[in-house]
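Here the structure is laid out as C-alpha cells; the discussion comes afterwards.
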Amino acid sequence: MKMTAWESCNAKTDEEFVTWYENRNRKMIIFPLLGLLAFAFGILNEIFGWLPNDHMSGVISGVGGGLIGCGAAFSLRWRRVKRNARLIHKMRLRYTDERNQDLGRRALAASAYLTIFACFAAMMVAGWFSDVAFWCFYGMMFFVVIAYVGCYFYYSKKM
C-alpha cells in the first residue's frame with residue numbers, strides 16, 4: 001500500500017500509520033524552518049530597520065514564533081504518542097475515520113469558497129481607499145481560484 005503524506009490516512013495497521021505519520025512529519029518540517037527564518041528576519045529587521053513600517057518586525061517575528069511553537073508542540077506530542085501502542089492505535093482510528101476525513105474535506109472546500117467571497121468583498125471595499133490593498137486582495141482571490149483549478153485537474157488525473 002502506497003500512501004503519501006499529503007493524502008488522507010487510510011492505514012490498515014498501526015505500523016502503516018506510524019510510517020505514514022513520520023513521513024508526514026518529515027515533510028512538515030518546512031513550516032518550523034520557515035518560522036525560524038521569519039523570526040530571524042523580524043529580529044534583524046528590528047536591529048537594521050530594513051522595512052519602513054515599525055510594526056512589521058513584531059508581526060513577522062510573531063508569525064515565525066507561532067510556526068516554531070506549533071512545530072515543537074506537534075513534535076513533542078508525537079514523541080509522547082510513539083512510545084505508547086494504545087495511543088498510536090487511538091490516533092490511527094481518529095485519522096482513518098471516514099467521517100472525520102469527510103468533515104475535513106467539506107470544511108476545507110467551504111473555507112476555500114468563503115475565502116474567495118471574502119477576498120471579493122474586501123477587494124470592493126479596499127478599492128475605495130487604496131489601490132495597493134485592492135490589488136493585494138485581487139491577487140489573493142486570483143491565486144485561490146487558480147490553485148483550485150490546478151488542484152482539480154491534478155486530482156482528476158490521479159483518481
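- Few gaps surround CZ on Arg94; more than 12 heavy atoms of other groups in view lie less than 6.0 Å from it.
- In terms of heavy atoms, Pro32 sits closest to Gly71 at CG-CA, 3.8 Å.
- Applying the ring-ring contact (aromatic ring centres under 6.0 Å, His included) test to residues at least two apart or on different chains, the pairs with a partner in residues 84-110 are Phe17-Tyr95, Trp20-Tyr95, Tyr21-Tyr95.
- With rounding to the nearest 0.5 Å, the separation of CE in Met28 from CG in Asn23 is 12.5 Å.
- Rounding to the nearest 0.5 angstrom, the gap separating the CZ atom in Arg24 from the NZ atom in Lys27 is 11.5 Å.
- Phe137 and Cys119 make their closest contact through CB-O, 3.8 Å (heavy atoms, listed as atom of the first residue, atom of the second, distance).
- Going from atom CD of Glu98 over to atom CG of Leu103 covers 12.0 Å, rounded to the nearest 0.5 Å.
- For Glu46 (side chain) and Gly42 (main-chain N/O), no donor-acceptor pair under 3.5 Å exists by modelled atom type.
- To the nearest 0.5 Å, atom CG of residue Asn84 and atom CE of residue Met91 are 12.0 Å apart.
- A salt bridge links Glu22 to Lys82: at least one charged side-chain nitrogen sits closer than 4.0 Å to a carboxylate oxygen.
- Across all non-hydrogen atoms, the minimal contact from Leu67 to Leu34 is CD1-C, 4.5 Å.
- The OH atom of Tyr113 sits 11.0 Å away from atom CG of Leu108, with the distance rounded to the nearest 0.5 Å.
- Side-chain contact check for Ile68 versus Phe31: every heavy-atom pair is 4.5 Å or farther apart.
- Of all heavy-atom pairs between Met141 and Ile116, the closest is SD-O, 3.7 Å.
- With hydrogens and angles ignored, the 3.5 Å screen pairs no side-chain donor or acceptor of Ser75 with any backbone N or O of Ala72.
- The CG atom of Leu44 sits 9.5 Å away from the OG atom of Ser57 when rounded to the nearest 0.5 Å.
- In the hydrophobic clustering of ILVMFWY residues, with side-chain heavy atoms under 4.5 Å counting as a link, Leu37 and Leu33 come out apart.
- Listed for the Asn53 side chain is no donor-acceptor partner under 3.5 Å among the backbone atoms of His55.
- Under the 4.5 Å side-chain heavy-atom criterion for ILVMFWY residues, a single connected hydrophobic cluster contains both Phe48 and Met56.
- Cluster membership for Val144 and Phe134, using ILVMFWY side-chain heavy atoms within less than 4.5 angstrom, is shared.
- The shortest side-chain heavy-atom distance between Trp78 and Val18 falls under the 4.5 Å cut-off.
- No continuous path of ILVMFWY side-chain contacts below 4.5 Å connects Tyr148 to Met123, so the two sit in separate hydrophobic clusters.
- Remark: Phe41 CZ is packed, more than 12 non-hydrogen atoms of other residues, nucleotides or ligands lying under 6.0 Å away.
- Placement of Trp128 and Val125 within a single hydrophobic cluster is found when ILVMFWY residues are connected by side-chain heavy-atom separations under 4.5 Å, directly or transitively.
- Heavy-atom minimum distance, Leu51 versus Asn45: N-OD1, 2.8 Å.
- When all heavy atoms of Arg92 and Lys12 are compared, the closest pair comes out as NH1-O, 3.3 Å.
- Listed for the Ser61 side chain is no donor-acceptor partner under 3.5 Å among the backbone atoms of Gly58.
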